[in-house]
**Student:** 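Take this structure first; my questions come after.
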Amino acid sequence: MTASVRTAIFPVAGLGTRFLPATKATPKELLPVIDTPLIQFAIDEARDAGVERMIFVTHPSKSAIERYVMDDVRLRTELQAKGKPKLAAELLSASLSPTSDDVVFAMQDEPLGLGHAVLCAQYHVLPGPVAVILPDDLILGRGCIGEMIAAYEKAGRGHLVATMTVAPEETDKYGILSVTSGTGALLRENGMVEKPSLKEAPSNDAVVGRYVLDGSIFDDLRSQPPGAGGEIQLTDAIAAGAGRVGLCGYRFSGTRFDCGSKAGLFRASLHLAGQDPELAQVLDEVSARRGPAKAA
Ligand code: G1P
């Protein structure tokens, strides 16, 4: 029988240099898409998927993450006193509770890479496979990690990574899979390489920030030397275990926004604005002022 996925790891220790100066005092995971911080989407996705324990791998300078994630009783009490019970209730349901949720904050003191960040969670995970969610990959639509956990539980053991096709000239921004077979949502893979050049890329099937990983990932991470960019790469540890435990790519159904980039975060905001009647009107006004789109 397949073990169930009980733990989700959120690597959130990065410096967010691409968004400076906004990220000088605000962690990039708290940057909002309209009024919802990126981390909230990730938490909701994990909660909807039914994971028991959430581990945030963060950095001592990013205490705002913990303040945001956890329930703030004082703020809610003040809102109640000011006659805003609805707002207080919304905050309560979005946050995690120290008494009824299983939440761990682990520290990654040095920026040694995504693999190192995941390794920092090793002593806190529950037995069995683990989910990893990168909050700056926003995936809207059906909960991606929930879809993946369902597929994982059918497929058996191994590593399962979310994948989408990218333009060939973009392979050097992603982990790239080496596909052996598969149709539909599940693709069999025999390897994965971190940020290869167009010439070296085995395909243009890129990994985006959702993973369901066999528990042996921690053994492979512990023995990983630094890889691309001098960092300990999650990709390399996944590739190291692929032959032993199996590796599949999962073509998720939702729409992914690269919110680690300004264009991606802006696109996500426009997308959600289009679904809000008041903001959609602003979009219409702006495009009317800009006039008809210029032909390329
Ligand atoms: C990380 C991973 C990479 C993956 C990407 C998805 O890279 O290392 O394999 O394709 O996330 O967003 P980063 O974007 O942190 O450089």
Side-chain angles (χ1 to χ4, degrees), residues 8-19 23 27-29 31 38-39 41-42 45 57-59 62 108 110-121 130-140 144-145 148 159-179 187 189 191-198 200-213 217 220-221 224-242 247-252 254-265 267-268:
I9 302 172
F10 303 82
V12 291
L15 285 175
T17 44
R18 275 193 260 171
F19 285 102
T23 45
K28 76 169 171 179
E29 297 77 10
L31 295 179
L38 287 171
I39 202 162
F41 291 96
E45 196 179 312
V57 179
T58 178
H59 184 269
K62 295 177 86 176
Q108 183 191 21
E110 290 177 281
L112 297 180
L114 178 59
H116 179 259
V118 171
L119 188 58
C120 289
V130 295
V132 177
I133 300 181
L134 309 188
D136 56 8
D137 270 329
L138 172 62
I139 301 181
L140 299 176
C144 182
I145 205 68
M148 288 176 69
H159 298 318
L160 182 65
V161 296
T163 182
M164 63 185 261
T165 304
V166 297
E169 60 279 10
E170 287 196 90
T171 56
D172 61 354
K173 290 195 200 147
Y174 296 94
I176 298 293
L177 290 163
S178 166
V179 185
L187 309 176
E189 319 284 345
M192 188 175 161
V193 37
E194 183 68 7
K195 303 197 171 93
S197 65
L198 171 58
E200 286 157 356
S203 74
N204 52 345
D205 285 322
V207 172
V208 301
R210 301 291 182 279
Y211 307 77
V212 178
L213 302 173
I217 190 71
D220 287 318
L221 280 170
Q224 270 321 296
E231 297 186 337
I232 298 179
Q233 296 293 351
L234 184 58
T235 294
D236 296 343
I238 294 173
L247 171 62
C248 284
Y250 183 79
R251 289 200 184 281
F252 52 95
T255 307
R256 177 254 185 182
F257 296 89
D258 172 14
C259 292
S261 76
K262 286 178 210 173
L265 187 67
R267 207 170 273 134

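Order of appearance sets the numbers: ligands from 1, and atoms from 1 within every ligand. Index from 1, following the sequence. On a predicted model such as this, the values are computed, not experimentally measured, just so you know.
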**Student:** If you count the atoms of ligand 1 from 1 in the order shown, which ones are under 4.0 Å from a heavy atom of T235?
**Tutor:**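 In order of number, 9 (O).
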**Student:** Tell me, which protein residue and heavy-atom name are nearest atom 11 (O) of ligand 1, and how many Å apart are they?
**Tutor:**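 Protein heavy atom at minimum distance: L134 CD1, 3.5 Å.
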**Student:** For a side-chain contact (heavy atoms from CB on, under 4.5 Å) with L213, tell me which candidate from V130, L247, L221, D220 qualifies.
**Tutor:**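 Considering V130, L247, L221, D220, a side-chain contact (heavy atoms from CB on, under 4.5 Å) with L213 is found only for V130.
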**Student:** Does L234 come within less than 4.0 angstrom of ligand 1, counting non-hydrogen atoms of the residue?
**Tutor:**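 No, L234 has no heavy atoms under 4.0 Å from ligand 1.
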**Student:** Check this for me - ligand 1, D137, N or O atoms closer than 3.5 angstrom, yes or no?
**Tutor:**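 N/O-N/O distance under 3.5 Å: yes.
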**Student:** Suppose we measure from atom 8 (O) of ligand 1 to each protein heavy atom; which comes out shortest, and what is that distance?
**Tutor:**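 Result for atom 8 (O) of ligand 1: E194 OE2, 2.7 Å.
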**Student:** Can you sort out which atoms of ligand 1 are near G175, meaning under 4.0 Å from one of its heavy atoms?
**Tutor:**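 Close to G175: 3 (C), 4 (C), 9 (O), 10 (O).
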**Student:** Looking at every non-hydrogen atom in both residues, tell me the closest pair between Y250 and M148 and how far apart they are.
**Tutor:**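 Shortest heavy-atom separation between Y250 and M148 comes out as CD2-CG, 3.5 Å.
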**Student:** Taking atom types as modelled and ignoring hydrogens, do the side chains of H116 and Q108 form a donor-acceptor contact shorter than 3.5 angstrom?
**Tutor:**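 Their side chains do contain a donor-acceptor pair, which is all the 3.5 Å distance test asks for.
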**Student:** Which pair of heavy atoms, one from D136 and one from L38, lies closest together, and at what distance?
**Tutor:**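 Smallest interatomic distance, heavy atoms only, reads CA-CD1, 4.4 Å.
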**Student:** side-chain hydrogen bond (donor to acceptor under 3.5 Å, both in side chains) with D205: which of T163, T171, T165?
**Tutor:**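 It is T165, the one option of T163, T171, T165 that forms the side-chain hydrogen bond (donor to acceptor under 3.5 Å, both in side chains) with D205.
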**Student:** Is V207 in polar range of ligand 1, meaning some N or O pair under 3.5 Å apart?
**Tutor:**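 Yes, V207 has an N/O under 3.5 Å of an N/O on ligand 1.
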**Student:** May I ask you to check if ligand 1 and K195 share an N or O to N or O distance below 3.5 Å?
**Tutor:**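 Looking only at distances, the answer is yes, because the N/O contact criterion of under 3.5 Å is met.
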**Student:** Is there a protein heavy atom less than 4.0 Å away from atom 15 (O) of ligand 1?
**Tutor:**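 Within 4.0 Å: no protein heavy atom nearby.
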**Student:** Can any side-chain N or O of R18 pair as donor or acceptor with the backbone N or O of G260 at less than 3.5 Å?
**Tutor:**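 Checked: pair present.
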**Student:** Can you tell me if E231 uses its side chain to pair, donor with acceptor, with the backbone of P226 under 3.5 Å?
**Tutor:**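 Checking the backbone N and O of P226 against the side chain of E231, no donor-acceptor pair under 3.5 Å is found.
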